[in-house]
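Residue numbers count from 1 along this sequence.
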Amino acid sequence: MTHPSQDDPTDEDPVREEEPLAAEDEHLVREVERIATAVGRMFPGLCEVVLHDLRRPDNAIRVIENNLSGRQVGDSATELGLRRIADPDYPGVIQNYSNRFADGRPAKSTSIGIKNADGRYIAALCLNLDVSTLSPLALTLANLVATDVERSGEELETLRDRTGRELRSAIDTFAARYSSTPRSLNRDRKRELVRQLHREGFFETRSSAQLIADRLGVSRATVYNYAK
């Protein structure tokens, strides 16, 4: 019986060819892990930073800084991550898209795919900015820079425009008193807000109910029910 020589290519271990690439992939993911941690710690409480290891989609989350979504290390990949796993040509960067946390808070997200030397997605770095925390600040700044203009005999704006803007401001002001966003208010707070708006005459225009509904994330029928 003949035995393969040491130089016989049929005797090569196929795993050995994959080991250098696997080692390079792990090194690359570890480097991105350091970036995720550093970026997250630069924006505490404001921006969630998540590193997804797409080589392990069933327990993809490898790092999560500023946990705003309630997810944990070891949780599975998102739909976006699965798309990248299935399609190497999927866009590498998806920037500033609208998103929402599990509790309804609005977020602005950016997802960055990480490819290895073989052109395959192995990780994704995702940033989820909690924009709900900025709403009260934006309202405060708007009030701070507001000016009083005295003009006689000159129409500066139409009643409809002013009413719409004042309505949005009234809704945001009410929510800010509870350190919340309009959509995150509970049902009793929303009912209290709608009744306040009704007393203050904001239902006089036909479009007001729909604007309130959109702002609170409820139906127009619910708004009218709250106003009773």
Side-chain angles (χ1 to χ4, degrees), residues 2-135 137-138 179 181 183-184:
T2 60
H3 298 279
S5 67
Q6 292 183 349
D7 296 329
D8 189 343
T10 61
D11 194 38
E12 293 181 358
D13 185 353
V15 176
R16 292 178 183 174
E17 296 180 358
E18 298 179 1
E19 284 178 354
L21 183 59
E24 291 177 6
D25 290 356
E26 180 61 22
H27 175 74
L28 180 58
V29 173
R30 285 184 180 274
E31 289 299 298
V32 181
E33 185 175 329
R34 293 171 55 238
I35 296 172
T37 301
V39 172
R41 292 178 181 177
M42 188 171 181
F43 302 100
L46 182 63
C47 184
E48 178 184 78
V49 182
V50 186
L51 174 61
H52 297 269
D53 189 339
L54 300 183
R55 300 170 299 175
R56 304 173 180 86
D58 290 337
N59 56 343
I61 294 185
R62 181 158 170 162
V63 172
I64 182 165
E65 286 286 333
N66 299 328
N67 193 331
L68 301 176
S69 62
R71 294 173 293 174
Q72 303 296 329
V73 170
D75 282 356
S76 59
T78 63
E79 298 88 345
L80 202 159
L82 295 177
R83 293 190 192 106
R84 283 198 170 110
I85 294 172
D87 182 8
D89 294 326
Y90 197 81
V93 177
I94 302 179
Q95 194 162 19
N96 295 334
Y97 60 94
S98 178
N99 210 339
R100 191 166 296 278
F101 293 113
D103 61 2
R105 283 173 299 160
K108 184 173 77 169
S109 299
T110 291
S111 176
I112 306 166
I114 310 297
K115 285 185 176 182
N116 64 5
D118 200 33
R120 179 169 52 89
Y121 282 115
I122 60 171
L125 181 63
C126 301
L127 294 82
N128 303 308
L129 181 67
D130 183 359
V131 296
S132 70
T133 61
L134 302 177
S135 297
L137 176 61
S179 300
T181 63
R183 285 176 174 262
S184 299

Selection residues 76-86 - residue pairs positive for side-chain hydrogen bond (donor to acceptor under 3.5 Å, both in side chains), sequence neighbours left out = Arg84-Ser111
Distance-only criterion, 3.5 Å: show the donor-acceptor pairs between side-chain atoms of residues 91-98 and protein atoms not counting sequence neighbours.
none

Least distance between heavy atoms, Pro57 atom then Ile85 atom = CB-CD1, 3.7 Å
Can you tell me how far CG of Leu54 sits from CZ of Arg120, rounded to the nearest 0.5 angstrom?
-> 9.5 Å
Measure the spacing between CD1 of Ile61 and CD of Gln72 and express it to the nearest 0.5 Å.
-> 8.5 Å
Residue set satisfying side chain to side chain donor-acceptor pair (under 3.5 Å) with Asn99, at least two apart, ordered chain then number -> Ser109
Under the side chain to side chain contact (heavy atoms under 4.5 Å, CB included) test, which residues partner Val63, sequence neighbours left out?
-> Glu33, Ala36, Thr37, Leu51, Glu65
Please list, chain by chain and in numerical order, all residues satisfying salt bridge (Lys or Arg N to Asp or Glu O under 4.0 Å) with Arg34, sequence neighbours excluded.
-> Glu31
According to the salt bridge (Lys or Arg N to Asp or Glu O under 4.0 Å) rule, which pairs have a member within residues 99-117, sequence neighbours left out?
-> Asp103-Arg105, Arg105-Asp130
How long is the span from the CG atom in Leu82 to the NE2 atom in His52, to the nearest 0.5 Å?
-> 10.0 Å
Expected output: side-chain Asn66 to main-chain Cys47 donor-acceptor under 3.5 Å | yes
Asp89: what forms a side chain to side chain contact (heavy atoms under 4.5 Å, CB included) with it, not counting sequence neighbours?
-> Asp87
CG of Asp25 to CD1 of Ile122: how many Å apart, nearest 0.5 Å?
-> 4.0 Å
Just jot down the salt bridge (Lys or Arg N to Asp or Glu O under 4.0 Å) partners of Asp75, sequence neighbours excluded, or say none.
-> none
Report yes if the side chains of Arg183 and Pro106 come closer than 4.5 Å at any heavy-atom pair, otherwise no.
-> no
Identify, with sequence neighbours excluded, every residue that meets side chain to side chain contact (heavy atoms under 4.5 Å, CB included) alongside Val39.
-> Ile35, Phe43, Val49, Leu127
For Ala86 and Pro88, which heavy atoms make the closest approach, and how far apart are they?
-> O-CD, 3.9 Å
Closest heavy-atom pair, Val29 versus Ala123, reported as atoms and distance to 0.1 Å, is CG2-CB, 4.2 Å
For Asn116 and Leu28, work out which heavy atoms get closest and say how close.
-> CA-CD2, 4.3 Å
Kindly write out the residues that satisfy salt bridge (Lys or Arg N to Asp or Glu O under 4.0 Å) with Asp53, not counting sequence neighbours, or none if the list is empty.
-> Arg55, Arg56, Arg62
Polar side-chain atom of Tyr90 near backbone of Gly113 as donor-acceptor pair, under 3.5 Å = no
With Arg71 via side chain to side chain donor-acceptor pair (under 3.5 Å) - residues at least two apart = Glu48, Ser69
